[in-house]
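Worksheet: one structure, shown below.
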Amino acid sequence: MKIFYLIFALLIVLNLPLVSQDSCITTKCHKDFKAFKSLHAPVEEDCTNCHEQVEKHKFKFDDRENLCIQCHDDKKEGKVVHEAVGSGSCTDCHDPHGNKYSSLLKEDRIDKVCFECHDQDEMVKKFIHGPMESGECTMCHDAHTSANAKLLKSPQGKLCTECHEDKDISKMGKNVHAPMEEGCSECHNPHSSEFEHQLKTEQGKVCAECHDDIVEKSLKAKVQHKPLNEGRKCGNCHDPHGTGMAKLLKTDLMNVCLNCHKKPLENSPHGKYNIADVLKKNKFKHGPVEDGECGSCHNAHGSDHFRLLINTYPEKMYTKYDKKSYLLCFECHDDSIARTAKTVALTDFRDDDKNLHFVHVNKEKGRTCRFCHEVHASNSPKQIREKVKFGKWELPIGFKKTSTGGSCAPGCHKPYTYSRKEKK
């Protein structure tokens, strides 16, 4: 004990400090620094690395703006510099002495530091981006400087696909959605949104930002296509990022349609009419169907004609003939087939030179094309039907083909035969 007092007295007499001259951390001064989990290296070494002593307990900064870069890399050299870095205000985000958080940040989460300046309300809506949810802003942004806008770590498209590999447009074939070339934020909010998938607005309306003509027509159409108003809307049929198919379809057109039309249509005049089943079971297919071109007859976005047809076609099974009523069929077929009474070349459906299409169609109560023909597929050539719906009755056609013509025995008249051979 006597030795302790002797040393203590000697220090006082010699006017020497009770701790190392280099240390500011004493039981009386800055003692809270001792509790820091992470201590800034200069604090451990010598406080005068950063502070210039002018009097016994007075210090000043030699050059606050450039102080940090005396040890750390200069972060002001990038194309885009964080405002705090550019002004030399490193201590806006970092504690210069030490604390219990990594990188000497002032808060336990990076986003809390960011929200000291940035608006938090814009970042925490209903659907939040994963990194944003976990507070890791620096997953996407460089906190100091970057060669990219918004301090992004990589160009936007590349940055997003570093996590969202399945959306990598370089692997999607030749058809890439134009906004993907500009950047994902054309359609998505990279922080948070009130809409699923962080879309800037609800599905469908996002598409209308560019495709306003298509969306407007579909909304005004008398007959609307159900998928456009349900679920993913445009995304039910199209891939909004990119695809190897035309029109950014998810797969080929036929299979896009059959993805829904593989079950009986609701309120179909044919009863339980399953198009996928019809195509599977029937050998002879209508030309556009054979080519997989459903869009040759139907408008997938909406139409003013029943069944989403692209042009006029009689809705009723019996109707007075008028060319304007059959513009759909005459997109491909010669309209003279329905207005020419006599022919030896125009059609095989004739009795000698009597055009039987004219007989059936061109009258006051004309039979529409679909009365005898199945518009998608049939097991008879020319897509001749086996039966046709007539009210509650499945009216049989009874068609039989011969080498020179054929015969039919439908419920609507007695059996008739026809032959293309000239009658003697």
Side-chain angles (χ1 to χ4, degrees), residues 213-214 217-228 237 246-247 249 252-254 256-258 260-261 265-271 273-276 278-279 282 284-341 343 346-349 355-378 380-390 395 397:
D213 54 335
I214 295 175
K217 285 180 181 178
S218 70
L219 292 174
K220 291 181 178 179
K222 293 179 181 178
V223 182
Q224 297 192 358
H225 199 187
K226 216 173 178 183
L228 277 171
C237 301
K247 310 289 187 184
L249 290 172
D252 62 271
L253 180 59
M254 177 65 75
V256 167
C257 298
L258 293 182
C260 292
H261 295 285
L265 293 173
E266 295 179 13
N267 304 317
S268 169
H270 299 289
Y273 188 73
N274 182 328
I275 296 177
V278 168
L279 298 184
N282 292 277
F284 298 96
K285 297 176 175 60
H286 192 190
V289 175
E290 186 74 52
D291 295 336
E293 294 293 336
C294 306
S296 293
C297 297
H298 301 279
N299 189 324
H301 295 114
S303 171
D304 287 338
H305 310 294
F306 89 120
R307 298 186 192 171
L308 296 170
L309 295 174
I310 64 171
N311 216 327
T312 57
Y313 181 81
E315 188 169 351
K316 296 179 179 180
M317 291 296 280
Y318 293 98
T319 187
K320 182 180 179 180
Y321 177 74
D322 184 338
K323 177 183 175 179
K324 294 178 180 178
S325 300
Y326 289 88
L327 294 180
L328 174 70
C329 301
F330 298 145
E331 295 259 347
C332 298
H333 299 283
D334 188 342
D335 68 291
S336 60
I337 199 171
R339 57 181 172 78
T340 305
T343 181
L346 190 60
T347 176
D348 283 345
F349 186 41
N355 180 0
L356 298 179
H357 280 110
F358 177 88
V359 170
H360 285 80
V361 175
N362 207 320
K363 56 175 63 177
E364 187 67 28
K365 190 180 179 182
R367 275 72 169 163
T368 57
C369 306
R370 72 181 186 279
F371 200 100
C372 298
H373 298 280
E374 166 55 65
V375 294
H376 294 110
S378 166
S380 296
K382 308 295 184 182
Q383 293 87 54
I384 300 298
R385 286 182 179 276
E386 293 180 5
K387 297 178 180 179
V388 62
K389 191 78 172 175
F390 185 78
L395 187 155
I397 297 295

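Below, all heavy atoms of this structure are taken into account, side chains as well, without hydrogens, waters or symmetry copies.
Remark: Phe390 CZ is loosely packed, at most 12 non-hydrogen atoms of other residues, nucleotides or ligands lying under 6.0 Å away. Under a cut-off of 6.0 angstrom, the local environment of NZ in Lys363 is crowded, with over 12 non-hydrogen atoms contributed by other residues, nucleotides or ligands.
Going from atom OG of Ser218 over to atom CG of Asp213 covers 10.0 Å, rounded to the nearest 0.5 Å. Taking CG of Leu258 as the reference point, atom CG of Asp252 lies at 8.5 Å (rounded to 0.5 Å). For the atom pair CG (Asp304) and NZ (Lys217), the distance works out to 10.5 Å, reported to the nearest 0.5 Å. Taking CG of Asn362 as the start and NZ of Lys323 as the end, the distance is 12.5 Å to the nearest 0.5 Å. Taken to the nearest 0.5 Å, the OG atom of Ser378 stands 5.5 Å off from the CG atom of Asn282.
Counting heavy atoms from C-beta outward, Lys382 and Phe284 have side chains that stay 4.5 Å or more apart. Considering only heavy atoms from C-beta on, Leu346 comes within 4.5 Å of Ser336 through its side chain. For the pair His305 and Ile310, the minimum side-chain heavy-atom distance is 4.5 Å or more. Side-chain contact between Leu309 and Asn299 is absent, with no heavy-atom pair separated by less than 4.5 Å. Between Tyr313 and Ser325 there is no side-chain heavy-atom pair separated by less than 4.5 Å. Side-chain contact check for His376 versus Leu279: some heavy-atom pair is nearer than 4.5 Å. Residues Met254 and Glu293 fail the side-chain proximity criterion, which asks for heavy atoms closer than 4.5 Å. The shortest distance between side-chain heavy atoms of Arg370 and Met317 falls below 4.5 Å.
Proximity of a side-chain donor or acceptor of Glu386 to a complementary backbone N or O of Ile397 within less than 3.5 Å is not detected. Gln383 places a side-chain N or O within donor-acceptor distance of the main-chain N or O of Lys285, the cut-off being under 3.5 Å. Put simply, the side chain of Thr312 gets close to the backbone of Leu327: a donor and an acceptor are under 3.5 Å apart.
The minimum heavy-atom distance linking Val223 with Leu308 is given by the pair O-CD2, 3.4 Å. Of all heavy-atom pairs between Ala221 and Ser303, the closest is CB-N, 3.5 Å. Summarising the geometry of Arg385 relative to Phe371, their closest heavy-atom pair is CD-O, 3.6 Å, with the distance given to 0.1 Å.
Between His357 and His373, the ring planes lie parallel to each other; the angle is under 30°, not in the 30° to 60° tilted range. Using cut-offs of 30° and 60° on the angle between ring planes, the pair His225 and His261 is parallel. The aromatic rings of His360 and Phe349 are tilted relative to each other, their planes meeting at an angle between 30° and 60°.
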Stepwise, does the side chain to side chain contact (heavy atoms under 4.5 Å, CB included) test hold for Asn355 with Val359?
CA-CA 7 Å; Asn355 180 0; Val359 170; over 6 Å; no
For a side chain to side chain contact (heavy atoms under 4.5 Å, CB included) check, start with the C-alpha distance between Thr368 and Lys316, then their side-chain angles and the critical distance, and finish with the verdict.
CA-CA 8 Å; Thr368 57; Lys316 296 179 179 180; over 6 Å; no
Run the side chain to side chain contact (heavy atoms under 4.5 Å, CB included) check on Thr347 and Thr343 step by step: do they pass?
CA-CA 7 Å; Thr347 176; Thr343 181; 4.1 Å; yes
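Looking only at atom types and distance, the side chain of Glu331 has a donor-acceptor partner in the side chain of Asn311 under 3.5 Å away.
Ionic pairing of Arg339 and Asp335 is present here: one or more N-O contacts between side-chain nitrogen and carboxylate oxygen are shorter than 4.0 angstrom.
Under the side chain to side chain donor-acceptor pair (under 3.5 Å) criterion, Lys220 pairs with Glu216, not counting sequence neighbours. The side-chain contact (heavy atoms from CB on, under 4.5 Å) check on Ala338 picks up Tyr321, Phe330, Val361, with sequence neighbours excluded.
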